[in-house]
Amino acid sequence: MLHLADITANLDIYTAGLIKRNLPQASELLAKVIKLDEDRKATQHKLDNNLAEANLMAKQIGGLMKEGKKEEAERAKSKTAELKQENKALGDKLAGIQAELQGKLYQLPNIPHTSVPAGNSEEDNEEIKREGEIPLLHEKAVPHWELIRQYDIIDFDLGVKITGAGFPVYKGRGARLQRALINFFLDRAEAAGYKEMQTPIVVNEASGYGTGQLPDKEGQMYHIDEEDLYLIPTAEVPLTNIYRDVILNEEDLPIKNVGYTPCFRREAGSWGAHVRGLNRLHQFDKVEIIQIVKPETSYNTLQQMCNYVEQLLNDLNLPYRILRLCAGDLGFTSALTFDFEVFSAAQNKWLEVSSVSNFENFQANRLKLRYKNENGQKQLLHTLNGSALALPRILAAILENNQKENGIAIPEVLRPYTGFDRIGER
RNA sequence: AGAGGAGUGGCAGAGUGGUCGAAUGCGGUGGUCUUGAAAACCAUUGUACCGCGAGGUACCGGGGGUUCGAAUCCCUCCUCCUCUGCCA
């Protein structure tokens, strides 16, 4: 959520930022928000004054009662009725204004960083780096959805039987390989100074609002009606909401946490012929890193997190490219996002496996996540996160890129985790 | 899940209708004393909003209600504890 005082102080920047986000009516939207805030202040001021008066009268009545002046007290009481009614109306009005203001603010996305290219769709994303060699596959090479059948390591039909489409069953060496990747990612993160956290994978509404999945993306999350809870679409939600309503000390910073969780996405409407196999699932595993840092260091941190992700891809020996997302493709809460895509050779396709973002204080403002600076003032922090990494597409790329005529070679770094160096015929 | 009990400031813990934003203790911060430290003593110490300021308002688990007035009474939800039941 954008910070109201910041908007007022830097109206031009915010207007331009939202226009870049393809919100041509930004100026009117912000004017409305500012107007609402002014209304809020005026109404609250009036209500506060009235309440002060009512408090005073109540005290006087109390005094009169004590002195035994019952009649005077009764007379004073009758005078409060009108004031009370007025305050009730003012209170309702204030609540209405606040709800409307809150609603408007919730609908405003974060403003893009200056380096974010203009654009409407993924077509306009800027490729800033390409690394690694695209493997030459043998003649009979096939996409991963063939390979998993051939080697019997992932079973979509079983998933359909148990649950439905998009919930695969990992079997034998397939399961082992996935577990190896999870452990590899967690160990690496820990070595890089991230603290491992195991969180709930079901969250309440407040958490959804805290990181920005709610109010507008509820269609993307599975909802448990009975308890009014949501299945997490990413570990970002629980990992970051740990710090909701928290005031940190300067020496606690930076916060660096990592968590492995399953993630659940309804992906309503995004299914199609181009999405096959492991490319898009309703349930998938992901290791997520988050950082909470002082505002002035957050872009260094973003770079550092990108370097970290890059190193993982290098170590897995996967060809990848890095994209700077354009304004139109940028997530609602993000100021700057780098997407990492690996090349899955048999599909001849780039697959997004990580998204590393700086949210600046957008989430922190919703979360009320602050720290006490050296002057004792409370200041909003910056939050960042990144996938490190998302499992299924990494798996797809490993399977496709490393396929030989007699099996699939396991990347060196994973062998200590898998305990085998290839996946062969069943 | 059923029965009972409880949720108060960083922590512990008083307060059951009116000078209570809240006693007291611990902790924190500043100071006195000391070569230094400890102890002792003095002062100070919640959050948010409005206001240039003086100051005002709200907050005693969340929401609603009764009352001139609510931490205190009522309703409701949440959480924790004890006992019973169930269970990985």
Side-chain angles (χ1 to χ4, degrees), chain A residues 1-9 33-105 162 198-210 214 223-230 238 241-253 261-262 361 364-381:
Chain A
M1 186 163 63
L2 297 177
H3 194 249
L4 203 42
D6 286 350
I7 295 177
T8 316
V33 163
I34 291 169
K35 172 74 169 61
L36 278 168
D37 191 44
E38 280 163 4
D39 287 353
R40 191 207 106 235
K41 282 182 191 173
T43 308
Q44 189 174 42
H45 191 67
K46 193 157 184 221
L47 178 61
D48 281 358
N49 286 340
N50 276 12
L51 285 173
E53 194 181 340
N55 285 344
L56 191 68
M57 286 173 94
K59 265 184 194 160
Q60 285 170 350
I61 291 168
L64 290 172
M65 301 282 266
K66 244 182 208 162
E67 292 168 33
K69 298 178 182 167
K70 248 191 152 177
E71 281 183 27
E72 268 186 67
E74 284 307 321
R75 237 179 297 139
K77 269 195 205 183
S78 62
K79 275 201 251 173
T80 61
E82 202 180 319
L83 189 61
K84 240 185 131 181
Q85 213 169 10
E86 194 181 329
N87 286 351
K88 173 90 176 104
L90 275 172
D92 290 347
K93 186 182 170 194
L94 182 63
I97 292 171
Q98 272 172 329
E100 196 184 348
L101 177 59
Q102 192 67 240
K104 290 268 184 292
L105 282 173
I162 298 167
Q198 287 191 18
T199 66
I201 59 173
V202 187
V203 296
N204 57 30
E205 198 179 44
S207 294
Y209 275 93
L214 295 176
H223 182 251
I224 301 167
D225 289 331
E226 194 89 54
E227 325 286 348
D228 194 17
L229 297 171
Y230 296 87
N241 271 282
I242 289 172
Y243 301 93
R244 172 152 44 86
D245 291 317
V246 166
I247 298 175
L248 293 164
N249 294 313
E250 198 166 359
E251 59 266 28
D252 299 329
L253 299 168
T261 67
N361 68 18
N365 191 34
R366 286 195 178 189
L367 294 161
K368 301 266 171 294
L369 166 55
R370 291 160 295 172
Y371 84 110
K372 236 180 216 173
N373 66 22
E374 48 197 5
N375 304 323
Q377 294 158 324
K378 281 168 275 293
Q379 202 177 345
L380 288 172
L381 286 160

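For clarity, every value in this text was computed on a predicted model and none was experimentally measured. So you know, we letter chains A, B, ... as the sequences are listed, proteins then strands, and number each from 1.
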### Query
With rounding to whole Å, what would you report as the distance between B/A40 and B/G4 at their P atoms?
47 Å
### Query
Which residues satisfy the side chain to side chain contact (heavy atoms under 4.5 Å, CB included) test with A/Pro262, sequence neighbours excluded?
A/Ile201, A/Phe264, A/Gln283, A/Asp285
### Query
When you compare B/G15 with B/C60, how far apart are their C1' atoms, in angstrom units rounded to a whole number?
11 Å
### Summary
Heavy-atom closest pair (A/Ala364 atom, A/Leu380 atom, distance to 0.1 Å) is O-CD2, 3.6 Å
### Query
Paired with B/U79 by Watson-Crick or G-U wobble geometry, both distances under 3.5 Å: which nucleotide is it?
B/A6
## Note on the structure
Ranking A/Leu47 and A/Ala54 by the position along RNA chain B of their nearest nucleotide, the one closer to 5' is A/Leu47
#### Entry: Partner set under side chain to side chain contact (heavy atoms under 4.5 Å, CB included) for A/Ala42, not counting sequence neighbours
none
### Query
Looking at side-chain heavy atoms only, is the closest gap between A/Val33 and A/Leu2 below 4.5 Å?
no
### Task
Show your reasoning for whether side-chain contact (heavy atoms from CB on, under 4.5 Å) applies to A/Asp6 and A/Asn365.
CA-CA 11 Å; A/Asp6 286 350; A/Asn365 191 34; over 6 Å; no
### Derivation of the side-chain contact (heavy atoms from CB on, under 4.5 Å) call for A/Leu105 and A/Ile7
CA-CA 11 Å; A/Leu105 282 173; A/Ile7 295 177; 4.2 Å; yes
Name the pairs: protein N/O against N/O of nucleotides 70-76 of chain B, kept only if under 3.5 Å.
none

#### Entry: Smallest separation among heavy atoms of A/Arg244 and A/Asn204, with atom names
NH2-OD1, 3.8 Å
### Task
Tell me whether the OP1 or OP2 atom of B/G69 has a side-chain N or O from A/Lys77 closer than 4.0 Å.
no
#### Entry: With A/Asp252 via side chain to side chain contact (heavy atoms under 4.5 Å, CB included) - residues at least two apart
A/Leu248, A/Asn249
Please list, for nucleotides 46-56 of chain B, all pairs of protein and nucleotide N/O atoms separated by less than 3.5 Å.
unit_1: B/U47; atom_1: OP1; unit_2: A/Lys378; atom_2: NZ; d: 3.0
unit_1: B/A48; atom_1: OP1; unit_2: A/Arg370; atom_2: NH1; d: 2.7
unit_1: B/C49; atom_1: O3'; unit_2: A/Arg40; atom_2: NH2; d: 2.8
unit_1: B/C49; atom_1: O2'; unit_2: A/Arg40; atom_2: NH2; d: 3.0
unit_1: B/C49; atom_1: O2'; unit_2: A/Gln44; atom_2: OE1; d: 2.4
unit_1: B/C50; atom_1: O2'; unit_2: A/His45; atom_2: ND1; d: 3.3
unit_1: B/G56; atom_1: N2; unit_2: A/Asp48; atom_2: OD2; d: 3.2

#### Entry: Counterpart base for B/U24, defined by Watson-Crick or G-U wobble contacts under 3.5 Å
B/A12
### Base-pairing mate for B/C73 - Watson-Crick or G-U, with both contacts under 3.5 Å
B/G65
### Task
Considering only atom P, compute the distance from B/C33 to B/U16 and round it to an integer number of Å.
44 Å
### Message
Any residue in residues 87-94 of chain A with a heavy atom nearer than 4.0 angstrom to RNA chain B? Just list them by number, or reply none.
### Response
A/Lys88
### Message
List the residues meeting ring-ring contact (aromatic ring centres under 6.0 Å, His included) with A/His223, not counting sequence neighbours, and say none if there are none.
### Response
A/Tyr230
### Query
Who does B/G46 pair with, Watson-Crick or G-U, both distances under 3.5 Å?
B/C59
#### Entry: Main-chain N/O of A/Ser207 paired to A/Asn241 side chain as donor or acceptor, under 3.5 Å
yes
If you restrict it to nitrogen or oxygen atoms, what contacts under 3.5 Å exist between nucleotides 9-12 of chain B and the protein, and what is each distance?
none

### Query
When you compare B/U72 with B/U66, how far apart are their P atoms, in angstrom units rounded to a whole number?
15 Å
### Task
Check side chain to side chain contact (heavy atoms under 4.5 Å, CB included) between A/Ile247 and all other residues, then give those that pass, not counting sequence neighbours.
A/Arg370, A/Lys378
## Note on the structure
Residue pair A/Ala58/A/Ile61 against RNA chain B: nearer the 5' end by closest nucleotide is A/Ala58
### Task
Determine the Euclidean distance between corresponding P atoms of B/C81 and B/A12; express it in Å to zero decimal places.
14 Å
### Query
Which nucleotide, in any strand shown, forms a Watson-Crick or G-U wobble pair with B/G85, with both distances under 3.5 Å?
none
### Query
What interatomic distance, in whole Å, is found between C1' of B/U19 and the corresponding atom of B/G13?
24 Å
### Distance, C1' atom - from B/C75 to B/U67, rounded to whole angstrom
16 Å
### Query
In the strands shown, is B/A40 matched to any nucleotide by a Watson-Crick or G-U wobble pair with both distances under 3.5 Å, and which?
B/U32
Would you mind writing out the side-chain donor-acceptor pairs for residues 51-61 of chain A within the sub-3.5 Å range, not counting sequence neighbours?
unit_1: A/Asn55; atom_1: ND2; unit_2: A/Leu51; atom_2: O; d: 3.4

Can you list, pair by pair, the side-chain donor-acceptor contacts under 3.5 Å of residues 91-104 of chain A, counting residues two or more places apart and other chains?
none

### Query
Which residues pass the side chain to side chain donor-acceptor pair (under 3.5 Å) test with A/Asp48, sequence neighbours left out?
none
#### Entry: Nearest-Å distance once atom P is located in both B/G5 and B/C86
24 Å
